[in-house]
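Accompanying notes for the structure given below.
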Amino acid sequence: MAIQLLKKNTGTDADMESFKKNLRGHRLRVFAFWAGVLALILVAAATFWATYKNKVYTDYEVLNSYERSDTVTTQYTEFLDYVLKYSQDGISCVDSRNQLIWSQTYSMQSPMVTVCGNSAAIAEENGTEAMIFGESGLLGSVQTSYPIRQIEVSSQGVLAALLEDGDIMRLYLYDSAGTVLVEAKFELQDTGYPLRMALSSDATKLAVTFLQIQDGSVNTCIAFYNFDSVGENSSDHLVASRIIKGEILPGIHYLGSTHCCIVGTERLLFYEGSQIPEETTEITLEKEVLSVFASDDYLGLVTEGEEDSYALQVYNGHGTLECELEFNLDYHTIKFSGDMILIYNDYDLLIANHAGKVIFETSFEESISNLYTMSGSTRYIVMHASRTDQIRLR
C-alpha cells in the first residue's frame, strides 16, 4: 500500500488571509457608514429639539372649553398631571378636562397645601387636622393635640408637621396612613422660633431655619435633622447646624432628596449630602429678593432688574446659575410648570423656558385664576372665572 504525503498548501492560506482582511475592511466601512448615519440623525434630532424648545409663538387657539362652578374663594395647585382645587369645605382633584378624579370634604377655616412628587397634604393652619393624599385620593388623616403651624410632605406620603405647644415647638413625622414615625421637640429659648422647614423628597432629612434674638441682634440658626440610621444616635436627630449672625433666612427648599437651598436677605446657601448635608455653594445677593419659587429640581429668584423692572435667576441644586431673564410684567404669580416658567397676573401672561428664552406673551380678555402646562411647551390649561380652556400655542 502506498502512502502519499500532502505538502502544506501555502496558496490556500494566503487566500484565506486576503479574505479575512477584505472582510475586516468591509465591516469597518459598514460600521463607519452606520456611525455616520447615526451621527447625522443625532445632530438632526438635537437641532430639531433646540429649535422646538426655543420656538417663539405669537398666538394661541382654544382646543376645548369646560364650564366651572368653583367659588371665588377656591384655590389651586398643580399635582402630577392634575389640579387640586381646595377651599374651606373640601379638596378635589380634577384632570385637564375639569373631570373629577377624587374629592374629600372637611371643614378648615384656613387650609394650607403642600405637594411633593406623588403625594399631597392639606392641613388647617392653627388647627389640629391634616390629610394625606395620593393620586387615587385620601391615604390617611391626622388629628394633633396642638395647633399646626407648618406642614411638608415627601413623595412617598410621609407628612412632617410643626406644632406649637407654648414655649415648645413639636415636630411629628407621620406615615401616609397617619401613624407617628418620629417625634422631636424644640425649646424656643434654646433654638429660637422656627421660620420655615423643608423635607427631603425621600423623607429622611429635614432642614429648619430658626430666628434667634440675642443681645438685641437678629440671627438665624440653620438646623439639619436626619431620620435615617445616621440620626438615631443624635439628640432629636440633629446632625448639623450653623448660625448666621445679623441676617434672616426665611426661605428653605429641598431640591430632591440630597440638595437643599436656603434663601436669606443677603445670600443663597446650597447644601448637599445623602446623610449629613454640607455647604457646597454660597452666593452673595446684591439686590433684595422679591419672590422665591421652587420645583423638585430648581430654585427661582426674582429681584429688581437692571434694564427691565424684574430680573429672574434660576439655579439648580448645585447652586449653578441655569438662566437669567429680565421682564416688565407686573406679575402676581410666578412658578415652574412642566419644563416652563409661567409668569402672569390677572390678564397678562409670559412663558419662558429654562434657557431664559421668552417663547410666548399674550393678554386675555377674561381674568386668569390659574394656569399650568398641559404637555410639552405648546399646550396649556387656562382657568378663567367661569370656564377652563385648553389652549395650544401657534
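If you're wondering where the values come from, they're calculated on a predicted model, not measured in any experiment.
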Do we see a donor-acceptor contact under 3.5 Å between the side chains of Tyr310 and Asp330? yes
Report the C-alpha separation of Asp346 and His332 in whole Å, then their side-chain angles, then the decisive distance to 0.1 Å, and conclude whether the side-chain hydrogen bond (donor to acceptor under 3.5 Å, both in side chains) test is met. CA-CA 8 Å; Asp346 287 337; His332 63 51; 3.2 Å; yes
Show your working on side-chain contact (heavy atoms from CB on, under 4.5 Å) between Tyr193 and Gln212 and close with a plain yes or no. CA-CA 7 Å; Tyr193 191 85; Gln212 299 179 338; over 6 Å; no
Which pairs would a plain distance check flag for residues 171-182, meaning a side-chain donor or acceptor within less than 3.5 Å of a matching protein atom at least two apart in sequence or in another chain?
unit_1: Tyr172; atom_1: OH; unit_2: Glu183; atom_2: OE2; d: 3.0
unit_1: Asp175; atom_1: OD1; unit_2: Ala177; atom_2: N; d: 3.0
unit_1: Asp175; atom_1: OD1; unit_2: Gly178; atom_2: N; d: 3.0
unit_1: Asp175; atom_1: OD1; unit_2: Thr179; atom_2: N; d: 2.8

In the structure I gave you, are the side-chain heavy atoms of Leu349 and Val382 within less than 4.5 Å of one another anywhere? no
Do the non-hydrogen side-chain atoms of Leu162 and Glu152 ever get within less than 4.5 Å of each other? no
With rounding to the nearest 0.5 Å, note down the distance linking CZ in Arg242 to SG in Cys221. 11.0 Å
Which class fits the ring pair His259 and His318: parallel under 30°, tilted 30 to 60°, perpendicular over 60°? perpendicular
Please check if the number of heavy atoms outside Glu278 that lie under 6.0 Å from its CD is greater than 12. no
Does the plane of the ring in Phe133 sit parallel, tilted or perpendicular to the ring in Trp102? Use 30° and 60° as the thresholds. parallel
Could you go through the side-chain contact (heavy atoms from CB on, under 4.5 Å) check for Phe336 and Val314 one step at a time? CA-CA 10 Å; Phe336 295 109; Val314 174; 4.0 Å; yes
Check ring-ring contact (aromatic ring centres under 6.0 Å, His included) between Tyr372 and all other residues, then give those that pass, not counting sequence neighbours. none
Is there a donor-acceptor contact under 3.5 Å linking the side chains of Tyr315 and Thr281? no
Return the orientation label for the Tyr225 and Phe186 ring planes: parallel under 30°, perpendicular over 60°, tilted otherwise. tilted
What distance do Glu247 atom CD and Thr220 atom OG1 have between them, rounded to the nearest 0.5 Å? 7.0 Å
Consider salt bridge (charged side-chain N to carboxylate O under 4.0 Å, His left out). Of Glu306, Glu304, Glu266, which one does Lys287 pass it with? Glu306
With sequence neighbours left out, the residues meeting ring-ring contact (aromatic ring centres under 6.0 Å, His included) with His253 are none
Could you tell me whether a side-chain N or O of Asp165 sits under 3.5 Å from a main-chain N or O of Ile168, the two making a donor and an acceptor? no
Return the minimal non-hydrogen interatomic distance between Asp236 and Lys185, and the atom names on each side. OD2-O, 3.3 Å
Pair Glu164 + Arg149: basic N to acidic O under 4.0 Å: yes
According to the interplanar angle, ranging from 0 to 90°, do the rings of His237 and Phe227 count as parallel (below 30°), tilted (30 to 60°) or perpendicular (above 60°)? tilted
Residue pair Leu393 / Ile351: nearest heavy atoms and the distance that separates them: CD1-CD1, 4.3 Å
Of all heavy-atom pairs between Ala294 and Leu299, which one has the smallest distance, and what is that distance? CB-CD1, 4.2 Å
Measure the shortest side-chain to side-chain distance between Ile276 and Asn226 over non-hydrogen atoms and say whether it is less than 4.5 angstrom. no
Value rounded to 0.5 Å, distance of CZ in Phe360 from CG in Leu350: 10.0 Å
side-chain hydrogen bond (donor to acceptor under 3.5 Å, both in side chains) for Ser103 and Ser92? Distances and angles first, verdict last. CA-CA 4 Å; Ser103 65; Ser92 60; over 6 Å; no
Over 12 foreign heavy atoms within 6.0 Å of CD, Glu187: yes
Sole candidate of Ile368, Thr74, Asn370, Asp389 that passes side chain to side chain contact (heavy atoms under 4.5 Å, CB included) when paired with Met383: Asn370
State, without any angle test, whether Ser87 and Asp89 hold a side-chain donor-acceptor pair at a distance under 3.5 Å. no
To the nearest 0.5 Å, tell me how far Ile381 CD1 sits from Tyr82 OH. 13.0 Å
Would you sort out whether Ile122 and Tyr106 count as a side-chain contact (heavy atoms from CB on, under 4.5 Å), showing the intermediate values? CA-CA 10 Å; Ile122 191 168; Tyr106 54 69; 3.1 Å; yes
Thr73 and Gln88: side-chain hydrogen bond (donor to acceptor under 3.5 Å, both in side chains), yes or no, with the steps? CA-CA 8 Å; Thr73 59; Gln88 295 179 345; over 6 Å; no
Taking the side chain as every heavy atom from C-beta outward, state whether Ile359 and Met340 have any atom pair closer than 4.5 Å. yes
Rounded to the nearest 0.5 Å, the CD atom of Gln275 sits from the OG1 atom of Thr204 at a distance of 6.5 Å
Group every Ile, Leu, Val, Met, Phe, Trp and Tyr by side-chain heavy-atom contacts under 4.5 Å, then state whether Leu329 and Val302 land in the same group. yes
Tell me if the CG atom of Asn64 is crowded by more than 12 foreign heavy atoms within 6.0 Å. yes
With clusters defined by side-chain heavy atoms of hydrophobic residues (ILVMFWY) lying less than 4.5 Å apart, directly or transitively, does Tyr146 cluster with Met112? yes
Side-chain heavy-atom pair Ser367, Tyr347 within 4.5 angstrom cut-off: yes
Do Asn118 and Glu135 make a side-chain contact, defined as non-hydrogen atoms from C-beta onward lying under 4.5 Å apart? no
Using side-chain contact (heavy atoms from CB on, under 4.5 Å), reason through Thr388 and Val94 one step at a time and then give a plain yes or no. CA-CA 11 Å; Thr388 297; Val94 299; over 6 Å; no
To the nearest 0.5 Å, what is the distance between OG (Ser145) and CG (Leu163)? 8.5 Å
Heavy-atom nearest pair, Ala130 first then Leu159, reads CB-CD2, 3.9 Å
Show the nearest heavy-atom pair for residues Ser155 and Gly117, with the distance to one decimal. OG-CA, 3.8 Å
Would you indicate whether the side-chain heavy atoms of Ile341 and Phe293 approach each other to under 4.5 Å? yes
Is it the case that atom CD in Gln143 sees more than 12 heavy atoms from other parts of the structure closer than 6.0 Å? yes
Flag, side chain of Gln390 to backbone of Ser96, donor-acceptor distance under 3.5 Å: yes
Nearest heavy-atom contact between Ser119 and Gln156 is OG-C, 3.5 Å
Give a yes or no on whether the backbone of Gly246 and the side-chain of Ser217 come within a donor-acceptor separation of less than 3.5 Å. no
Greater than 12 external heavy atoms within 6.0 Å of Arg97's CZ: no
Side-chain heavy atoms of Tyr380 within contact of Leu342, under 4.5 Å: yes
Please indicate whether Asp167 has more than 12 foreign heavy atoms, meaning atoms of other residues, nucleotides or ligands, lying under 6.0 Å from its CG. no
Look at the aromatic rings of Phe224 and Tyr271 and report parallel, tilted or perpendicular, splitting at 30° and 60°. tilted
